[in-house]
Amino acid sequence: MRILKAENYEDMSKKAANIIAAQVTLKPECVLGLATGSTPIGTYDVLTEKYNQGELDFGGVSTVNLDEYKGLDRENDQSYYYFMHKHLFDRVNIDKSRTNVPNGMEPDADKECRRYEELIASLGGVDMQLLGLGHNGHIGFNEPADAFDKETHCVDLTESTIEANKRFFASAEDVPRQAYTMGIKTIMQAKRILVVVNGEEKADIVAKAFFGEVTPQVPASILQLHPDVTVVADAAALSKIPE
Ligand code: F6R
């Protein structure tokens, strides 16, 4: 695991975007696994700038997003489909037919999860997976549990995740209670993983996830076992890691 220290959020976003840009440049027909949340917004902004400056071509890129709330339609401004279009897909020359987000409106969870796993396999797997880190150590919506969930599945969100995400909704009651998410095995099968994390409020979980015991109680801790992980974190998020 490589840990790259960034000065602040802006610097983290630049460093992460440079890594993604290098991936797209080296393999223009790559498959990017993408994340939502507040952390990667700056990264998507820098990627958009690079595209506007003619430095980056998304024409051959395919994408698969990590997760989606169950029950939110694409037009809902809190859906991850909406988020991805707003922050990246509508701003660059990506072929929208090659972008993929789990379908939150599919009521049959088994059917949707199977479809998504098959889709990822049909693309030949993920070349680079971008991840944020939840306050409780979740990645995607893989919440702390007694065992690692493997493939794409439907999850019941924990109270702490509902609490953390309610800032985007009118009230906590409006936050969906379930989501579709890639599983830990799906994530671990990505060839390369890039984690972005910032802010003092993530300092404890950064220390636990990347320097503590590997346990399903801290889902991100499994990343310690992946052969190619880069964490780009700002100084505040790294303030509690061991010397
Ligand atoms: C989003 C996702 C989540 C977030 C995590 C951190 O697609 O998979 O795991 O990455 O909740 O969210 P932020 O960046 O808002 O702190």
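All ligand and atom numbering here is 1-based and tracks the order in the structure.
Q217 pairs by the side chain to side chain donor-acceptor pair (under 3.5 Å) definition with D146, not counting sequence neighbours.
Of all atoms in ligand 1, numbered sequentially from 1 with element shown, those under 4.0 Å from a heavy atom of R167 are 15 (O). For ligand 1, the atoms lying closer than 4.0 Å to a non-hydrogen atom of H138 are 3 (C), 5 (C), 9 (O), 11 (O). Near G37, the atoms of ligand 1 lying under 4.0 angstrom from a non-hydrogen atom of the residue are 14 (O), 15 (O). Distances below 4.0 Å separate heavy atoms of D67 from the following atoms of ligand 1: 1 (C), 2 (C), 7 (O), 8 (O). The distance from ligand 1 to the heavy atoms of T39 drops below 4.0 Å at these ligand atoms: 13 (P), 14 (O), 16 (O).
Residues R91 and D45 are paired through a salt bridge, judged by an N-O separation under 4.0 Å between the basic side chain and the carboxylate. For E112 and R115, the salt-bridge test passes: some basic side-chain N is under 4.0 Å from an acidic carboxylate O. Contact check on K166 versus D174 returns no salt bridge, with no Lys/Arg side-chain nitrogen under 4.0 Å from an Asp/Glu carboxylate oxygen.
Only the side chain of L66 comes within contact range of ligand 1, with a heavy atom under 4.0 Å; no backbone atom does. If you look at T36 next to ligand 1, the close heavy atoms, those under 4.0 Å, come from the backbone and the side chain alike. In L133, the part holding a heavy atom less than 4.0 Å from any atom of ligand 1 is the backbone.
Ligand 1 has at least one atom lying under 4.0 Å from a heavy atom of K202.
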Show me the donor-acceptor pairs within less than 3.5 Å that the side chains of residues 204-214 make with the rest of the protein, sequence neighbours left out.
unit_1, atom_1, unit_2, atom_2, d
D204, OD1, K240, NZ, 3.2
D204, OD2, K240, NZ, 3.4

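Across the listed options G33, G132, G140, G140 owns the non-hydrogen atom lying nearest to atom 3 (C) of ligand 1.
With ring centers used as reference points, Y180 lies 6.0 Å or more from Y69.
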